[in-house]
Amino acid sequence: MQKQSFAKGAVILMAANAVSKLLGAGFKIPLTYILREEGMAVYNTAFTVYIMFLAFVVSGIPTAVSKAVAQSDERSAFRITDTAEKVLLVIGTAASAVLYFGAPFFALAMKEENAVLAIRLVSPSILLVALGTGCKSFFHGASSMNIPAASQVAEAAVKLAAGYILAVLMLGMGRAAAAAGAIAGVTAGEFIATGILAAGYLAARRKTTVKATRAERRESLKELLSVAVPLLLAEAALNAVSVTDTSVLRTRMLVSGLSPEEARFLYGAFSGYAMTVFNLPVGILGTIGISLLPAAASAVADGCMEKARSPLCKGVELTMFISIPAAVLIWLLPGEILNILFRNTSSALMLKYMAPCIITVSLVQLLSAVIQACGKVVLPSITEIFGLLIKIAVMWQLCAMPQLNIYGTVIGSNIAYLIIVIADVIALKKITGLKLGIVRGLIKPCIASAAMAAAVIYAMRYCGGSAVQVIAVCGAGGAVYIIVYAVLYRISAALFPKKK
């Protein structure tokens, strides 16, 4: 199988992620009109439980498979993936059953009793994703991103069509039922995605004879579990903290004097509108870490981290290049963006103050992948748990204040992820001894983003607020950003030429 370079793999995955995110927005935007805040609260509660369960089930195995494949020959790579698939089949089946039958308990724990049906309809997705994860991780480790990219786009397209149709058909039964229909689209999308991944893996595997002895299978399992089990335990702790995060937010908003309906409305606005926009750039940038992992793992296997210097610095630079202007645009135009997408600006301030987190969360995703590739698989989870505990402490105080309520979680997120970034940077520098170039990487995008901000602020004076005008302003701002960045890049290259 022909490997792709870090840059090519990152571009393919980012393009696929961008398309799938746009399709996801095309699903969620009209969905908000159908479900409104009440239904979005049910949808996002069920989705939160699903993600929590999913993260627990597949935690560690994707990283373990990708890392092992990157460091193995072809035959060993298939052997390890086959072993992982068997483990995932057992775990996924059990997890889907627990989620289905335990739906009433999980809905009650999340303070949303209307989410039982939605949780049950999304429960088969756990098994489907588990089976697809092993195949996807094989392709990631082999630096072959075409099939994972195709599966991602197909998943988003099917989710869009199936989820929207089911939501409309079930709307007559109430908004909670419509939310359940919408989230059933996730299951349909995962079914198609897993089929594509499995077909691609079987086609690749057919060209190689893989007859593993019992000792080899035992060795493969041992290799997987040595990475997956510590990550599983860390993820369990991280998920417990995440559930506590959501529970504290909902509970402390009630303490602030809000009624249950008001608290549900604010949570639905935050999770359904603000976080949907927030997750667009963050999700796209998450692919950079996936593309970087094989290069770092290969460097560790060869005992030469200098091999990872170039892709690591490029990864940091690319993350900054995209995340900083995205954060600036969202900070400047939160109401306009929400109005274009949802015709609803109830979460404009929430989105505005979440904007800085786009930069820090994107960096955390990148740094975590590299740290895990270097063999410290649990460390990123530990730093994230530490940061989230700080966030919960901040939320406990601020969310109970009537003048802040849900804004307490926004403030807590900004503080927490800044701390996590600092901790990860320190850890990675100690592990690898490499300079990441984060401070230097900040200069060009920050200056270019300042020029972009000035252009956007000036142009908005003459903007009537229509979707076409706002998009044109953003496009003009983006053009200014690219031009200024290119000029700064040329100046930097002239003043500080790279050593051969």
Side-chain angles (χ1 to χ4, degrees), residues 6 10 13 51-52 54-68 70-71 133 136-137 140-141 224-245 279 282-283 285-300 305 308 311-313 315-316 318-320 323 357-392 412-434 436 438:
F6 156 70
L13 282 185
I51 291 298
M52 173 194 72
L54 183 63
F56 178 76
V57 169
V58 302
S59 175
I61 292 182
T63 301
V65 173
S66 295
K67 186 170 179 288
Q71 297 174 334
T133 290
K136 183 188 292 185
S137 302
H140 287 166
L224 285 172
L225 294 182
S226 68
V227 175
V229 171
L231 269 179
L232 180 63
L233 297 175
E235 194 66 36
L238 184 57
N239 282 328
V241 174
S242 297
V243 171
T244 303
D245 182 322
N279 286 326
V282 169
L285 286 165
T287 59
I288 298 176
I290 294 172
S291 302
L292 188 55
L293 188 146
S298 178
V300 171
M305 276 309 301
L312 178 55
C313 291
V316 170
L318 186 57
T319 300
M320 298 285 198
S323 65
C357 258
I358 292 173
I359 303 168
T360 52
V361 172
S362 298
L363 281 172
V364 166
Q365 292 177 149
L366 174 69
L367 298 174
S368 295
V370 178
I371 291 172
Q372 289 178 336
C374 292
K376 305 295 183 180
V377 293
V378 177
L379 186 56
S381 296
I382 293 174
T383 58
E384 191 166 355
I385 289 171
F386 176 70
L388 288 179
L389 288 174
I390 293 174
K391 177 189 173 184
I392 290 171
S413 295
N414 280 284
I415 294 172
Y417 279 97
L418 179 60
I419 291 172
I420 295 169
V421 167
I422 294 171
D424 283 349
V425 168
I426 293 172
L428 190 56
K429 191 171 182 180
K430 287 187 176 181
I431 293 168
T432 65
L434 299 178
L436 304 182
I438 287 182

According to side chain to side chain contact (heavy atoms under 4.5 Å, CB included), who are the partners of [X], at least two apart in sequence or on a separate chain?
X    : answer
N279 : M275
A423 : T383
K391 : D245, L388, M395, T409, S413, A416
L389 : V241, I385

Testing the basics here: between [X] and [Y], what is the closest heavy-atom pair and its distance to 0.1 Å?
X    : Y    : value
S137 : P62  : OG-CA, 3.1 Å
L367 : V421 : CD1-O, 4.2 Å
A240 : T244 : O-OG1, 2.7 Å

Spacing of [X] atom [atom1] and [Y] atom [atom2] [to the nearest 0.5 Å]:
X    : Y    : atom1 : atom2 : answer
L54  : T133 : CG    : OG1   : 6.5 Å
L428 : L379 : CG    : CG    : 9.5 Å
D424 : I431 : CG    : CD1   : 9.0 Å
L363 : L418 : CG    : CG    : 10.5 Å
I382 : L238 : CD1   : CG    : 11.0 Å

Worksheet item: Which one of L366, I359, T360, I288 satisfies the side chain to side chain contact (heavy atoms under 4.5 Å, CB included) criterion with S323?
Response: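 Of the listed options, the one satisfying the test is I359.
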
Item to complete: Please list all pairs passing the salt bridge (charged side-chain N to carboxylate O under 4.0 Å, His left out) test where one or both residues lie in residues 369-381, with sequence neighbours left out.
Response: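 Not a single pair qualifies under salt bridge (charged side-chain N to carboxylate O under 4.0 Å, His left out).
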
Worksheet entry | Residue pair Q365 / V282, side-chain heavy-atom distance below 4.5 Å |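 Heavy-atom side-chain distance check passes, below 4.5 Å.
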
